[in-house]
**Student:** 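So that we are looking at the same thing, I have put the structure below in C-alpha cells.
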Amino acid sequence: MKTRNNIISSCALICFSLTVSGNPPVFKQQPLPYAYSALEPHIDALTMEIHYSRHHAAYTKNLNDALQSLSDVPANIEDILRNISKYPVAVRNNGGGYYNHKLFWEIMSPAGGNISGKLAEAIRRDFGSFDAFKEAFEKAASTRFGSGWAWLVSDKGKLTVTSTPNQDNPLMDIAEAKRTLLLCIDVWEHAYYLKYQNKRPDYIQAFWNIVNWRRVSSLYENSL
Ligand code: MN3
C-alpha cells in the first residue's frame, strides 16, 4: 500500500516531468536585482514598482498565454525572438516586452562600475569618442516617435546605435539590423512619466547615472 509520502512524491515526479518536457515553455519574471528605490533619484521607486510588478508582469503573463495554443516552441526566448516573424503578433509584442525589460533591469544598477577596456576602445573606434556615442544614443532615444526603445548593439564587436518601435528589438528577424543587444533604454511613457512627465530628454540624461557598465561590458565581450 502506498504511503502518503509515496503518493506525494509520485505526483511531484509526474508534475515535474510535465513541466520540463511540456510544450510550450512557461517564462518567469526574474527577481529585480535591487530594491524598487535603489535607482533613486534618477528613477523613482513608484515608477520602478509599477513598471516591474505590473507592466513587466503583464508582458510575461500575456506571453505565456499567447504561447498556450502553439506547439514546438523553443524553451529559449532568444530563439523565439530570432524567428519572431513566424509567430502571432501577441508573441512579438509580449515576448519583446518580456525580454526587453529583463535586459533593462540587468543593465541598470545603483553602482554600475567601469566600462571594460575592450568596450571603451570599441566605443572610441566606432563613434569617435564616448561623448559622441552618448549623443548618438540620446538622439535615438529622444527621437523615437511614440513608444519604443533605443539600443547600443554589437555585430561581432562592431558597435551601432539604433531604436525600435513598441516592444520590438534588434534580435528579431523583422528588425532592420539584427544584432546582439548590449544597452537599452525604455522610452515608453510608463518608464518616466510619473517623475519626468513630458520631459523625456531629462529622463535620458538621468539614465547615464545608473547604467551597469560592468554588465554591458560583459555582454559586449560575449558578442565578440
Ligand atoms: Mn516598459
Side-chain angles (χ1 to χ4, degrees), residues 26-67 77-78 80-81 84 87-110 112 137-153 161-172 174-175 179-212 215-216 219:
V26 175
F27 292 100
K28 290 202 176 76
Q29 245 186 319
Q30 305 294 307
L32 198 65
Y34 35 74
Y36 291 135
S37 61
L39 307 179
E40 293 261 14
H42 310 293
I43 300 184
D44 59 287
L46 184 58
T47 295
M48 283 302 294
E49 180 172 355
I50 294 172
H51 205 171
Y52 177 83
S53 71
R54 301 195 206 167
H55 292 275
H56 192 204
Y59 289 121
T60 307
K61 180 186 183 302
N62 294 339
L63 168 64
N64 289 324
D65 289 351
L67 294 174
I77 184 69
E78 295 185 0
I80 298 176
L81 299 178
I84 202 69
Y87 290 85
V89 70
V91 176
R92 172 174 166 181
N93 290 338
N94 294 293
Y98 166 73
Y99 187 81
N100 294 347
H101 288 89
K102 186 165 141 346
L103 179 67
F104 189 45
W105 313 139
E106 278 176 33
I107 58 83
M108 293 192 291
S109 166
F137 188 85
E138 287 166 11
K139 187 176 174 203
S142 59
T143 59
R144 164 49 56 191
F145 185 75
S147 299
W149 295 75
W151 305 92
L152 172 68
V153 294
V161 156
T162 186
S163 77
T164 51
N166 306 316
Q167 295 296 352
D168 289 355
N169 70 44
L171 259 186
M172 293 178 171
I174 48 161
R179 302 286 186 260
T180 304
L181 314 180
L182 306 180
L183 175 70
C184 59
I185 184 169
D186 185 345
V187 294
W188 284 58
E189 284 185 346
H190 67 228
Y192 62 87
Y193 211 83
L194 288 182
K195 183 177 170 76
Y196 296 95
Q197 295 85 44
N198 61 328
K199 299 185 288 273
R200 188 193 286 185
D202 291 1
Y203 156 68
I204 297 166
Q205 281 300 322
F207 172 74
W208 295 119
N209 295 298
I210 45 169
V211 174
N212 183 350
R215 181 70 184 134
V216 178
L219 291 170

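Indexing begins at 1, ligand by ligand and atom by atom, following the structure's order.
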**Student:** Nearest 0.5 Å please: distance from the CD atom of Glu40 over to the CD1 atom of Ile210.
**Tutor:** 10.5 Å
**Student:** Could you label the plane-to-plane angle of the Phe207 and Phe137 rings as parallel, tilted or perpendicular, counting under 30° as parallel and over 60° as perpendicular?
**Tutor:**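 Taking Phe137 first and then Phe207, their aromatic rings lie parallel (interplane angle under 30°).
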**Student:** How close do Pro110 and Ala38 get, counting heavy atoms only, and between which atoms?
**Tutor:**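 Answer, listing the atom of Pro110 first, then Ala38: CB-O, 3.4 Å.
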**Student:** Are His56 and His51 an aromatic pair, judged by ring center distance below 6.0 Å?
**Tutor:** no
**Student:** What protein N, O or S atoms come within a distance below 2.8 Å of the Mn ion (ligand 1), ordered by chain and number?
**Tutor:** His51 NE2, His101 NE2, Asp186 OD2, His190 NE2
**Student:** Rounded to the nearest 0.5 Å, what separation is found between the OH atom of Tyr52 and the CH2 atom of Trp105?
**Tutor:** 8.5 Å
**Student:** Please report the interatomic distance CD1(Ile84) to CD1(Ile77), rounded to the nearest 0.5 Å.
**Tutor:** 7.0 Å
